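Below: the structure, in structure tokens.
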Number of protein chains: 2
Amino acid sequence: MVKYQTADLDQTFAALADPTRRAIVARLASGECTVGELSRPFPISAPAVSKHLRLLEGAGLIERRRDGRTQRCRLNAPALDRAVDWITSQRRFWNESLDRLADHLAAQTQEERSS
Amino acid sequence: MVKYQTADLDQTFAALADPTRRAIVARLASGECTVGELSRPFPISAPAVSKHLRLLEGAGLIERRRDGRTQRCRLNAPALDRAVDWITSQRRFWNESLDRLADHLAAQTQEERSS
DNA sequence: TTGATACTTAACCATGTGGTTAATTAATGA
DNA sequence: TCATTAATTAACCACATGGTTAAGTATCAA
């Protein structure tokens with residue numbers, strides 16, 4: 001039985017509350033890339049992207065490492081896990097739609113594995 | 001294949017970013033209750049709780065109905081589902097720890113069902 | 001060495017949030 | 001009818017966030 005500090009969840013959920021940051025996470029889910037590649041699709045300034053990355057890093061959702069003059073970013077799985085974990089653990093006491101959720105996730109997982 | 005408006009997710013994740021609101025969700029997960037019962041455990045004023053409830057309601061996470069002079073609150077499952085759904089759908093493209101997550105969720109579900 | 005590239009930091013602004021206290025509305029019960 | 005209880009709205013404050021532009025810091029390449 002693992003315990004998580006609530007501060008982590010604060011930051012994780014807050015980080016996911018912004019559509020730009022969710023888009024960044026979605027982009028990184030399909031593979032590591034540089035800050036430049038990451039910001040190109042967005043109509044906002046580089047400093048704005050930089051701030052988003054700092055929040056995401058603070059939440060533990062991403063990691064950065066220098067690579068010459070660029071910087072490579074990648075997703076960090078456990079932080080996302082903890083968020084899912086918190087939500088699903090609420091279902092523990094809430095049986096009404098628990099089975100529906102379980103089936104939903106099972107179906108999705110099935111789909112992943114067969115693709 | 002279902003599409004969700006991003007605004008919903010903005011509000012849902014933002015709502016879950018606050019520890020007081022997560023505690024409220026956790027309390028409601030174990031059953032419907034009144035606003036008064038809900039605020040009693042918290043060291044904050046009634047108006048503060050009222051604001052939290054408004055945000056939770058705006059995010060679609062809870063529903064309220066008048067019952068005489070009190071007000072009953074209950075959780076609304078689908079909003080939580082959508083949040084979990086967004087996170088897990090990122091995993092689709094991110095195979096590295098997909099199996100681990102699937103196993104984790106399967107184990108948890110098993111635990112629920114057998115309890 | 002000089003200039004361009006890839007970023008971050010600094011300073012600023014507008015807006016939203018989380019809290020307060022005080023005032024308001026609505027339902028109940030004496 | 002009048003007081004009490006349950007909860008919200010109003011008005012305010014401090015602070016974080018999401019954006020900006022301008023300036024700074026490394027790294028690479030000529």
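To find a chain, count down the sequence lines: A is the first, B the second, and so on, and within it residues start at 1. Bear in mind that the values here come from a model prediction, so they are computed numbers and not experimental data.
If you take CZ of B/F13 and P of C/dG16, they are 21 Å apart, rounded to a whole angstrom. Between the CG atom of A/D10 and the C1' atom of C/dT17 there is a distance of 13 Å, rounded to whole Å. As a whole-Å value, the separation of A/E57 CD from C/dC7 P is 14 Å. The CG atom of A/D67 sits 18 Å away from the P atom of D/dA26 (whole-angstrom rounding). Remark: C1' of C/dT9 and CG of A/L53 are 14 Å apart, rounded to the nearest angstrom. At whole-Å resolution of the value, CG in A/L55 and C1' in D/dC15 are 14 Å apart. Whole-Å rounding puts the B/I62 CD1 to D/dA7 C1' distance at 13 Å. Between the CG atom of B/L56 and the P atom of C/dG18 there is a distance of 10 Å, given to the nearest Å.
A/R66 comes within 4.0 angstrom of no nucleic acid atom, judged by non-hydrogen atoms across all strands. Within 4.0 Å of A/T34, counting heavy atoms only, lie sugar-phosphate atoms of the nucleic acid but no base atom.
Both A/I44 and A/L56 are members of a single hydrophobic cluster when ILVMFWY side chains are connected at heavy-atom separations under 4.5 Å. A single hydrophobic cluster is seen to contain both B/F42 and B/L28, as judged by linkage of ILVMFWY side chains at heavy-atom distances under 4.5 Å, directly or through other members.
Nearer the 5' end of DNA chain D, as judged by each residue's closest nucleotide, is the contact made by B/R40, out of B/R54 and B/R40. Mapping A/R69 and A/K51 onto DNA chain C by nearest heavy atom places A/R69 at the nucleotide closer to the 5' end.
Side-chain atoms of B/D18 come within 3.5 Å of backbone atoms of B/R21 as a donor-acceptor pair (strictly under, hydrogens ignored). With hydrogens and angles disregarded, no donor-acceptor distance shorter than 3.5 Å links the side chain of B/Q71 to the backbone of B/R65.
Checking D/dG18, C/dC7, C/dT20 against every side-chain atom of B/S45, the shortest atom distance belongs to C/dT20. Of the candidate nucleotides D/dG18, D/dT20, D/dT8, D/dT20 has the atom nearest to the side chain of A/P47. When distances run from any side-chain atom of B/T20 to the nucleotides C/dG19, D/dT20, C/dT8, the shortest one goes to C/dG19. Considering only side-chain atoms of B/R21, the nucleotide from C/dC7, C/dG18, D/dG19 that sits closest is C/dG18.
The phosphate of C/dG19 has OP1 or OP2 within less than 4.0 Å of a side-chain N or O from B/H52. Residue A/S50 places none of its side-chain N or O atoms closer than 4.0 Å to OP1 or OP2 of C/dC7. Close to C/dA26, at under 4.0 Å from its OP1 or OP2, lies no side-chain N or O of B/Q71.
Interatomic distance, A/L61 CG to A/I24 CD1, rounded to the nearest 0.5 Å: 11.0 Å.
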